[in-house]
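Chain naming here is simple, since letters A, B, ... match the order of the sequence lines and numbering starts at 1 in each. All values reported here derive from a predicted model rather than from experimental measurement.
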Amino acid sequence: MSVVTRFAPSPTGFLHLGGVRTAIFNFLFARNNSGKLILRIEDTDQERSTVDSLDEIISSLNWLGISWDEGPYFQSKRLDIYRKYAEALLDEGLAYKCFMTNEEIQRLKEEASKKNKIYQYPKTWRNRSDHPDNVDFVIRFKTPESKEVKFSDSLRGGISIDSSNIDDFVILKSDGFPTYNFASAVDDAEMGITNVIRGEDHLSNTPKQVLIFNAINKEIPTFTHVSMILGKDKAKLSKRHGAESIKNFKESGYMAIGIINYLARLGWSHGDQEIFNLDEMINLFSLDNLSKSPAIFDTEKLGWVNASHIKHSNNDDLKELLKLELYKEINVDLAIELTKAKSKDLNLLKASLGFCESEYVDISEELKSEARENDGIDLIKKFSTDLDSMNEFTEETIKELFVTFLEKNSIKMKNIASPLRIILTGSKVSPGIYEVIRILGKNLTLKRLKVFVS
RNA sequence: GUCCCCAUCGUCUAGUUUGGUCUAGGACACCGCCCUUUCACGGCGAAAACAGGGGUUCAAAUCCCCUUGGGGACGCCA
């Protein structure tokens, strides 16, 4: 049987790290097995679902390069399907209508919390037939009183729970929308999902869904509950707790592949390998190499992974990503080549090439006077003359130029490098001075020196 | 409170399925040294873990049990 997985976000907020990682695992597993990935939007909460969230989720997935083969399907557009299943359960006596009002439930909840207990539906309407007319109702599942609910998880093995711990949970709300547990199970069955890969926080929902699968006579998919991503304080990463929109990571200069690599590696491993490109991940991915225990998100390591990907990216791709617009005389390819290895993120890479944006750079008065110290002007003049007389302009010859210049004038490297750096880049921090000169080229370098001296 | 899951360096992890090659390997971070024209990169090195207790066994990080610790879930949210 060929593999069908799904990513099923609810559009009630931005896409964050946890969601992305679930998407990645589903994506990698589907691709590894030449199966398909379905995107399903679980928008059954009419109050909280928003179009903005949906847009952001879709654009984040696109940016990350996580592609799907079917969908997006919207649960809000499949209401007949859920209703049909719910009515069938009603007919078979496996579900029942409950007329308890919200106020009543609210009261019970308060009562429970006063006693330091958790509210449980008292099964008031489980066996009643004195149904009122014209009153809102929900449909609840008639959970078997005492039965072992068993299912297996590819990571955790067989899991079994006594149904007495499960409420008569709502499957269809009074607005005609299904609840999560019902819609999810029905859709997984209807869509022929073979593998449900999701966060461990859903582990406790699974028995309910298994009950539904059984009740509607459908085959149970293979479950894989992936460990949680926790924040620095070891608490679950959530929207109000350290979880940022994936969009923020993009804006902070992270590459999509960097994020994917880091997140995939958080909970999945392949021996000692740390850096993977997308094809490698697809080829090597296996559910067997997932970790069972929760992982703490570490920005430092994400940064390192990201930097590593920048370093190994080809220059054309980076040029595209950075939308670099350098001064016309500058060789963009060379500029990127000489700077990408030392940049932790794309924003820093771009910033390090700030001195290449126009013909000249602005230099503060303070730095100007610093450049003039210790016979700076004099040295720069001499240096310009030597530079001007160069025939070949290569990595080697530039180095030679410096070596000879230092000897001839009996000075240290910093005596000339420091003023040069200031004059050529307008800053005390820059790429190596050889690199700066190579990037600017002979002409532009001479021009900047000349203007400064005069 | 009830139920479920988990447990190797500070962090991510390899090793656990098929006990022995593990005086536990790699990576990030930290610290030290080297390279060096700034910031970085890079190179080398150090420090750092099998939660505790019982079993089983000739032998346990690996199998079993208990304790402890951590996480998750208990909605007309998903």
Side-chain angles (χ1 to χ4, degrees), chain A residues 8-13 42-45 47-49 75 98 100 102 105 109 112 115-121 136-140 153 155-157 159-162 164-167 169-181 183-184 198-208 225 227-228 230 232 234-236 262 265-275 288-289 291-305 307 311 339-344 348 352 402 406 412-422 425 427-434 436:
Chain A
S10 76
T12 54
E42 310 218 320
D43 54 349
T44 54
D45 186 334
E47 299 263 310
R48 297 199 304 155
S49 296
Q75 290 187 325
C98 165
M100 186 175 273
N102 277 325
I105 290 174
K109 280 184 182 171
K115 291 182 194 159
N116 244 333
K117 295 213 167 175
I118 296 291
Y119 155 80
Q120 271 211 306
Y121 174 68
D136 278 356
F137 63 87
V138 299
I139 298 180
R140 288 183 183 270
D153 180 287
L155 278 183
R156 298 159 209 278
I159 295 174
S160 145
I161 175 175
D162 195 291
S164 60
N165 294 302
I166 305 173
D167 241 358
F169 56 96
V170 174
I171 59 175
L172 213 66
K173 309 183 219 175
S174 58
D175 64 1
F177 278 61
T179 57
Y180 161 72
N181 281 307
S184 181
R198 66 194 358 168
E200 194 192 337
D201 48 344
H202 288 289
L203 194 54
S204 49
N205 285 318
T206 305
K208 293 179 185 173
H225 289 94
S227 61
M228 301 273 85
L230 310 179
K232 275 251 182 293
K234 295 192 172 185
K236 180 187 171 185
Y262 174 74
R265 189 61 189 60
L266 201 60
W268 171 76
S269 62
H270 181 261
D272 288 340
Q273 189 170 348
E274 299 283 352
I275 302 298
D288 297 334
N289 295 319
S291 159
K292 287 187 278 195
S293 41
I296 295 169
F297 176 74
D298 180 13
T299 315
E300 295 281 357
K301 188 145 187 183
L302 168 62
W304 177 80
V305 171
K311 204 180 304 178
T339 48
K340 66 181 178 184
K342 54 182 281 181
S343 301
K344 269 219 182 298
L348 289 173
S352 75
F402 273 88
L406 295 186
K412 298 250 189 221
M413 186 61 174
K414 68 175 175 196
N415 297 111
I416 184 65
S418 180
L420 276 177
R421 171 168 295 107
I422 291 171
T425 71
S427 162
K428 290 173 81 171
V429 177
S430 80
I433 199 66
Y434 299 160
V436 168

| Do side-chain atoms of D153(A) reach the backbone of H225(A) as a donor and acceptor pair under 3.5 angstrom? | yes

| request: For rU18(B) versus rA61(B), give the span between their C1' atoms, rounded off to a whole number of Å. | output: 16 Å

| said: Taking any heavy-atom pair under 4.0 Å as a contact, classify L266(A): base, sugar-phosphate, or nothing. | reply: sugar-phosphate

| task | Using the C1' atoms only, state how far rG19(B) lies from rG71(B), rounded to an integer number of Å. | result | 29 Å

| remark: As its Watson-Crick or G-U partner within any shown strand, both distances under 3.5 Å, rG20(B) has rC58(B)

| Which one is paired to rG1(B), where only Watson-Crick or G-U wobble pairs with both distances under 3.5 angstrom count? | rC74(B)

| task | Kindly point out which of rC76(B), rC3(B), rG72(B) is positioned nearest to the side chain of M228(A)? | result | rG72(B)

| On a whole-Å scale, what distance lies between the C1' atoms belonging to rA14(B) and rC22(B)? | 11 Å

| message | Classify N205(A) by what it touches in the nucleic acid, base, sugar-phosphate, or nothing, heavy-atom distance under 4.0 Å. | response | base

| said: Please tell me if K173(A) has a side-chain N or O lying less than 4.0 Å from either OP1 or OP2 of rC77(B). | reply: yes

| said: Measuring only the P atom in each nucleotide, how far is rG15(B) from rG20(B)? A whole number of Å is fine. | reply: 13 Å

| request: State the pairing partner of rA14(B); accept Watson-Crick or G-U wobble contacts with both distances under 3.5 Å, and report none otherwise. | output: none

| said: Return the pairing partner of rA47(B) with a 3.5 Å limit on both distances, Watson-Crick or G-U wobble; otherwise return none. | reply: none

| message | When you measure only distances, ignoring hydrogens and angles, does the side chain of S174(A) come within 3.5 Å of the base of rC76(B) through a donor and an acceptor? | response | yes

| query | Say you pick atom C1' in rG70(B) and the same atom in rA51(B); how far apart are they, in whole Å? | reply | 11 Å

| said: Is it true that T179(A) and N181(A) share a donor-acceptor pair across their side chains at a distance under 3.5 Å? | reply: no

| query | Between K311(A) and rG42(B), is there a side-chain N or O to OP1/OP2 distance below 4.0 Å? | reply | yes

| said: Please classify the nucleic acid contact of N102(A) as base, sugar-phosphate, or nothing, using heavy-atom distances under 4.0 Å. | reply: base

| remark: Looking only at rG75(B), rG71(B), rA14(B), the nucleotide nearest the L230(A) side chain is rG71(B)

| request: Using the P atom on both, measure rC65(B) against rA47(B) and round to a whole Å. | output: 37 Å

| query | Is the distance from OP1 or OP2 of rU38(B) to the nearest side-chain N or O of S418(A) less than 4.0 Å? | reply | no

| message | Judged by each residue's nearest nucleotide on RNA chain B, which is more toward the 5′ side, H270(A) or A341(A)? | response | H270(A)

| Taking the side chain of N165(A) as heavy atoms from C-beta outward, which of rC77(B), rC3(B), rG26(B) is closest to it? | rC3(B)

| Does the side chain of S427(A) get closer than 4.0 angstrom to OP1 or OP2 of rU38(B) through an N or O atom? | no

| Nucleotide nearest L203(A) when distance is taken to its side chain, options rC4(B), rA78(B), rC77(B) | rC4(B)

| task | Identify whether any heavy atom of S343(A) sits under 4.0 Å from a base atom; if not, whether one sits that close to sugar-phosphate; answer base, sugar-phosphate or nothing. | result | nothing

| task | Report which part of the nucleic acid S430(A) touches: base, sugar-phosphate, or nothing (heavy-atom distance under 4.0 Å, all strands). | result | base

| query | Nearest of rA78(B), rU11(B), rU37(B) to any side-chain atom of T44(A)? | reply | rA78(B)

| field | Sugar-phosphate, base or nothing in reach of E42(A), heavy atoms under 4.0 Å | value | sugar-phosphate

| query | Expressed as a whole number of Å, how far does the P atom of rU23(B) sit from that of rA49(B)? | reply | 15 Å

| query | Contact class for N116(A) (heavy atom, under 4.0 Å): base, sugar-phosphate, or nothing? | reply | nothing

| Counting only side-chain N and O atoms of R140(A), is one of them less than 4.0 Å from OP1 or OP2 of rC76(B)? | yes

| said: Using a 4.0 Å heavy-atom cut-off, does G303(A) contact any base of the nucleic acid, only the sugar-phosphate backbone, or nothing at all? | reply: nothing

| message | Give me the distance, rounded to whole Å, that separates rA24(B) from rG75(B) when you measure between the C1' atoms they each carry. | response | 46 Å

